[in-house]
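First comes the structure, then the notes that go with it.
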Amino acid sequence: MFKLFVNTKKQLGHINPELQGHFSEHLGRCIYGGIYVGEKSSIPNTNGMRNDVVAALKEMKIPVLRWPGGCFADEYHWKDGIGPKENRKKMINTHWGGVVEDNSFGTHEFMELCRQLGCKTYVNGNLGSGTVQEMSEWVEYMTFEGVSPMASLREENGSKEAWTVDYFGVGNENWGCGGNMTPQHYANEYRRYQTYVRNYRHDRPIYKVCCGANVDDYNWTEKVMETCFQAPPFVHGFMDGLSLHYYTHPEGWEVKGSATEFDEKVWYKTLKKTLYMKELIEKHGAIMDKYDKDRKVGMIVDEWGTWFTCEPGTNPGFLYQQNTMRDALVAGINLNIFNKHCDRVKMANIAQIVNVLQSVILTDGEKMILTPTYHVFKMYSAHQDAELLESYVETENIGLEEEYMVPNLTESVSRGTDGKIHITMTNLSVEKAYEIEGELAGVEILEVEGTVLTDEMHAHNTFTAPDTVCAEEYAGYKVVDNKLVFTIPACSVLHLSVTVK
Ligand code: AHR
């Protein structure tokens, strides 16, 4: 029996819905085919957006969407993607598969997509190959309501009303595909570019995201914070957020490994590598703390997830991969980590939303399937806008190799906007279920509801068997002397929703 302890009287921070954010890039079949099919498509759509995909994402409560990249962002020139579609430039997508980018999905289409989804917008600007003027004009085009050249151009293109840009990234991976810059060089460029990311709407200030480190590049964080952070009394300093990118590659960057064919050793290796996210957040966070003691700057983990070898027979530049129970565990573990660090992590965007890397949705022509990762996001949506509660679970180390031992369980607990206590837990063991005794100190348990996602480690959904892995109602709990006693199945992600008084 493992003990779970929840202190319902101790709230540790607010869980931004954006911790469950998503990322869409002009990459492979993410935008084209996956989200956008155009008005004339035989696939049911609204203004070109697939109805099935939009409905599923709304059902999952997508809070925010990042676009247009990724590496694509630092080669994207936004004016290529506005105006009559027949006049838009056709060009090569140099980063991703060398395919033709016809720019039929541009700023207006992205804003329309977010309108349909009812989610916040996160636009990533081009610092690597774009000019300050270009970035500045894009912000003016999107957000300025008065009389100006860009506002008039927007109106000519069919949108009189300005849009809201909630988050704006000033470059992406500028240590790599976004210009191969040194931290000092980027930091100075960042200061210059962000100056012209104007807040035209003071009621809705743009949250500026500075490009942060790749994995454990702590020197990048140090140098960028040193140069770009402005201590109080500057209320709106140079930066609101600093990004972090970390992908889980079980077999390293070169080999990566299959998404569906792996043994137990690789299972534990993958989960061990995923758990590294905690250390990264804490170490980068400690550097940020040196400058930003009040934790005003958010850590924005705007790319994370599994990155496997692409599915055999698909374009390697498209990064299309299947999604198994292993991905579900990766999602559950990371979302628990983000919740537990919600005092610093203000947004996280899994890569990428449809048909690319660890997707929540896969499509094949008119067909669509929901992946195990989708079900985890839906279960965790109960944490959106909730208050994190102090919690702790006893664990033991499990695994097959000394180097890749992992705790059997991870958890996070919050008090939701519905007043209920939401417990999410992952069981990392391939074969063992565990009995848990949960103490919710300070409350009386009235009612419990549960949802579980569990299956064999390779289990996944396909276009011919789309419902192999689905979240199910869970009834493996009882309340004994005001303690919540439950069994978490092997290889599972569990959500318990507890009504209390
Ligand atoms: O998500 C795929 C790519 O990974 C992104 O374009 C880039 O930012 C990262 O290296």
Side-chain angles (χ1 to χ4, degrees), residues 21-32 34-35 64-77 92-99 101 105 110 122-130 167-181 186 190 209-217 220 224 241-250 252-254 256 259 273-274 277 280 299-311 314-323 327 330-331 334 347-362 371 373:
H22 290 263
F23 169 36
S24 59
E25 181 165 7
H26 288 238
L27 195 177
R29 295 185 300 111
C30 182
I31 298 287
Y32 299 113
I35 295 173
V64 62
L65 185 62
R66 177 178 184 235
W67 171 84
C71 294
F72 184 82
D74 280 283
E75 262 190 302
Y76 184 60
H77 301 283
I92 300 177
N93 186 332
T94 45
H95 277 291
W96 306 118
V99 292
E101 164 63 57
F105 188 96
F110 174 67
Y122 178 8
V123 175
N124 210 114
N126 176 351
L127 179 143
S129 73
Y167 296 88
F168 191 86
V170 183
N172 166 73
E173 295 197 350
N174 302 92
W175 36 261
C177 65
N180 287 308
M181 299 175 190
Y186 171 74
Y190 174 82
V209 181
C210 176
C211 170
N214 184 29
V215 194
D216 59 353
D217 186 352
W220 181 279
V224 166
L242 180 66
S243 68
L244 169 67
H245 287 185
Y246 172 57
Y247 285 95
T248 301
H249 308 287
W253 172 251
E254 293 299 328
K256 299 195 180 76
K273 291 197 172 184
T274 280
M277 181 66 90
L280 290 172
M299 190 183 289
I300 306 294
V301 189
D302 55 15
E303 289 188 31
W304 68 272
T306 56
W307 190 323
F308 302 124
T309 307
C310 64
E311 284 303 300
T314 63
N315 184 333
F318 282 13
L319 311 184
Y320 176 77
Q321 65 190 40
Q322 249 296 356
N323 196 291
D327 295 83
V330 167
N334 272 297
M347 174 161 63
N349 309 71
I350 190 169
Q352 299 191 3
I353 193 159
V354 185
N355 292 333
V356 172
L357 302 176
Q358 190 177 349
S359 302
V360 288
I361 289 177
L362 300 177
T371 66
T373 300

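First listed ligand is number 1; within each ligand, the first listed atom is number 1. Just so you know, these numbers use all the heavy atoms, side chains as well, and skip hydrogens, waters and symmetry mates.
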For a distance cut-off of 3.5 Å, show me each N or O of ligand 1 paired with any protein N or O, plus the separation.
unit_1	atom_1	unit_2	atom_2	d
ligand 1	1 (O)	Y247	OH	2.7
ligand 1	1 (O)	Q352	NE2	3.0
ligand 1	4 (O)	Y247	OH	3.4
ligand 1	4 (O)	E303	OE1	3.2
ligand 1	6 (O)	E25	OE1	2.7
ligand 1	6 (O)	E25	OE2	3.1
ligand 1	6 (O)	C71	N	2.8
ligand 1	8 (O)	N172	ND2	3.1
ligand 1	8 (O)	E173	OE1	3.4
ligand 1	8 (O)	E173	OE2	3.3
ligand 1	8 (O)	E303	OE1	3.0
ligand 1	8 (O)	E303	OE2	2.7
ligand 1	10 (O)	E173	OE1	2.7
ligand 1	10 (O)	E173	OE2	3.1

Evaluate the criterion side-chain hydrogen bond (donor to acceptor under 3.5 Å, both in side chains) for residue pair T373 and D327; output intermediate values, then yes/no.
-> CA-CA 6 Å; T373 300; D327 295 83; 4.9 Å; no
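Under a cutoff of 6.0 Å and an axis angle of 45°, R66 and Y167 do not form a cation-pi pair.
The aromatic rings of F72 and H26 sit parallel to each other, their planes meeting at less than 30°, with 60° as the upper class boundary. The aromatic rings of W307 and Y247 sit perpendicular, their planes meeting at an angle over 60°, well past the 30° parallel limit. By the 30° and 60° cut-offs, the orientation of the rings of Y190 relative to Y186 is tilted.
Looking only at atom types and distance, the side chain of Y122 has no donor-acceptor partner in the side chain of N349 under 3.5 Å away.
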